[in-house]
Novice: 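Okay, here's the structure, questions in a sec.
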Amino acid sequence: MKIGIFDSGIGGLNILANMLVYYPNNSYIYYADNLNMPYGNKTYCLLKGAITTAMDYFKLNGVDVVIIACNTASTLFGEYVKNNYPFRVYLVTPNISKAITYDKFVLLATDNTTKQIQKNIEQIAMENNISSKQLNSKMQIVPSSLLAYLTEYNAPNFYINYRYIRDILKGLKKDYPIILGCTHYTYYKMYIASLGYELITETDYFERFNGLKMPKPNSFDNLSFVFTGKQNTQRYLKIINQIL
Ligand code: DGL
């Protein structure tokens, strides 16, 4: 099978790395729209154009499945892509269904994601069998587009951003879990947990493999990259190797 993975940058590499290990017989195209990153503060029109260009590319290249490994793109355009393209689509979105089982939770995501979630609040609440008023009172929103940018910029030296993360989290109670609603923040899972916060990450499609030893691939012959901006193949491969 041919699989396309999309993100504005390095955020989707965690998902790609898992796919390479657990489904090594597929071929992969990793599409990074690094020209337009960060997505968090771009206009709806610009992002729609960028997503259309990426999805058209996947269609032209005959992919069977696309994973939109970007919460911002999935939240804003997931339904649009599902309804307009021939391939199967998997979306990565903030895991609100899991979060509502708590009294309160924090949603850490880009500005565009948080705005879209507020816009769709009625529908999201309905899907989760609660009222929008209840959902609003449970959810504390912390928009943090800059963190995605800094993550891309400083990668793979993620520790450079630890101080900024502590600033973002300052004042947040440790009693409530935090949804990491941006794939770029996945790199801070361990760090944020070490500060004493509980985390809710995206739906874990690889959960069923837990406990199995991950065989590290010897080569990446089945992987190609598309960059809309700076060609970053070596840096991205370095990050994949770090994840594996
Ligand atoms: N990684 C993307 C997300 O999950 C967005 C990062 C960005 O470009 O702002 O939302």
Side-chain angles (χ1 to χ4, degrees), residues 4-19 30-55 66-81 89-96 98-99 106-120 124 139 141-156 158 160-161 164-165 168 178-189 191-192 199-205 225-230 232 235-236 239-240 243:
I5 301 182
F6 173 86
D7 185 39
S8 61
I10 62 169
L13 293 181
N14 284 285
I15 290 167
L16 170 67
N18 276 306
M19 295 296 287
Y30 189 88
Y31 187 118
D33 186 14
N34 55 342
L35 181 70
N36 292 311
M37 111 76 52
Y39 268 24
N41 56 7
K42 297 289 175 340
T43 65
Y44 185 89
C45 277
L46 185 146
L47 292 182
K48 188 159 185 194
I51 297 296
T52 304
T53 305
M55 298 305 136
V66 165
I67 302 172
I68 304 191
C70 170
N71 291 262
T72 314
S74 293
T75 307
L76 272 72
F77 306 109
E79 289 312 307
Y80 165 74
V81 176
V89 180
Y90 290 93
L91 303 177
V92 176
T93 52
N95 202 344
I96 291 183
K98 186 167 178 194
V106 174
L107 171 62
L108 193 66
T110 67
D111 292 70
N112 271 329
T113 301
T114 56
K115 275 186 211 146
Q116 190 66 24
I117 283 178
Q118 279 170 312
K119 222 164 143 184
N120 294 347
I124 298 170
M139 180 166 63
I141 284 179
V142 180
S144 44
S145 295
L146 182 61
L147 180 58
Y149 175 77
L150 293 175
T151 304
E152 187 80 23
Y153 188 80
N154 291 322
F158 301 111
I160 296 175
N161 303 319
Y164 181 62
I165 291 173
I168 295 176
I178 300 176
I179 298 185
L180 287 187
C182 170
T183 49
H184 276 74
Y185 307 163
T186 319
Y187 296 98
Y188 308 111
K189 241 191 320 199
Y191 179 64
I192 298 177
L199 293 176
I200 298 176
T201 47
E202 64 262 13
T203 311
D204 189 353
Y205 294 109
F225 288 100
V226 176
F227 295 101
T228 55
K230 188 172 176 226
N232 268 336
R235 190 144 76 109
Y236 277 42
I239 296 167
I240 293 174
I243 297 167

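Counting starts at 1 for both ligands and their atoms, in listed order. These values consider heavy atoms only, across backbone and side chains, with no hydrogens, waters or symmetry-generated copies. Computed from a prediction, not measured in an experiment: that's the story for all the values here.
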Novice: When you measure from the side chain of N34 to the backbone N and O of G229, does any donor-acceptor pair fall under 3.5 Å?
Specialist: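 Yes, because the side chain of N34 sits within donor-acceptor range (under 3.5 Å) of the backbone of G229.
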
Novice: Would you compute the distance between atom OG1 of T93 and atom CG of L76 and round it to the nearest 0.5 angstrom?
Specialist: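 T93 atom OG1 to L76 atom CG measures 12.0 Å (nearest 0.5 Å).
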
Novice: Please tabulate, line by line, the atom pairs linking an N/O of ligand 1 to a protein N/O at a distance below 3.5 Å, with the distance in Å to 0.1, or answer 'none'.
Specialist:
from: ligand 1; atom 1: 1 (N); to: D7; atom 2: OD1; distance (Å): 3.0
from: ligand 1; atom 1: 1 (N); to: T183; atom 2: OG1; distance (Å): 2.9
from: ligand 1; atom 1: 1 (N); to: H184; atom 2: ND1; distance (Å): 2.7
from: ligand 1; atom 1: 4 (O); to: N71; atom 2: N; distance (Å): 2.8
from: ligand 1; atom 1: 4 (O); to: N71; atom 2: ND2; distance (Å): 3.1
from: ligand 1; atom 1: 4 (O); to: T183; atom 2: N; distance (Å): 2.8
from: ligand 1; atom 1: 4 (O); to: T183; atom 2: OG1; distance (Å): 3.2
from: ligand 1; atom 1: 8 (O); to: S8; atom 2: OG; distance (Å): 2.7
from: ligand 1; atom 1: 8 (O); to: Y39; atom 2: N; distance (Å): 2.6
from: ligand 1; atom 1: 9 (O); to: Y39; atom 2: N; distance (Å): 3.0
from: ligand 1; atom 1: 9 (O); to: G40; atom 2: N; distance (Å): 3.2
from: ligand 1; atom 1: 10 (O); to: N71; atom 2: N; distance (Å): 3.4
from: ligand 1; atom 1: 10 (O); to: T72; atom 2: N; distance (Å): 3.1
from: ligand 1; atom 1: 10 (O); to: T72; atom 2: OG1; distance (Å): 2.6

Novice: Between the side chains of N112 and T72, does any donor sit under 3.5 Å from an acceptor?
Specialist: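 Side chains of N112 and T72: no pair found under 3.5 Å.
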
Novice: Got N232 and I10 here, is their nearest side-chain heavy-atom distance under 4.5 Å?
Specialist: no

Novice: Aromatic rings F158 and Y188: how do their planes relate, parallel, tilted or perpendicular, breaks at 30° and 60°?
Specialist: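 The rings of F158 and Y188 stand perpendicular, inter-plane angle above 60°.
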
Novice: Measure the OG1-OH distance between T110 and Y185 for me, rounded to the nearest 0.5 Å.
Specialist: 6.0 Å

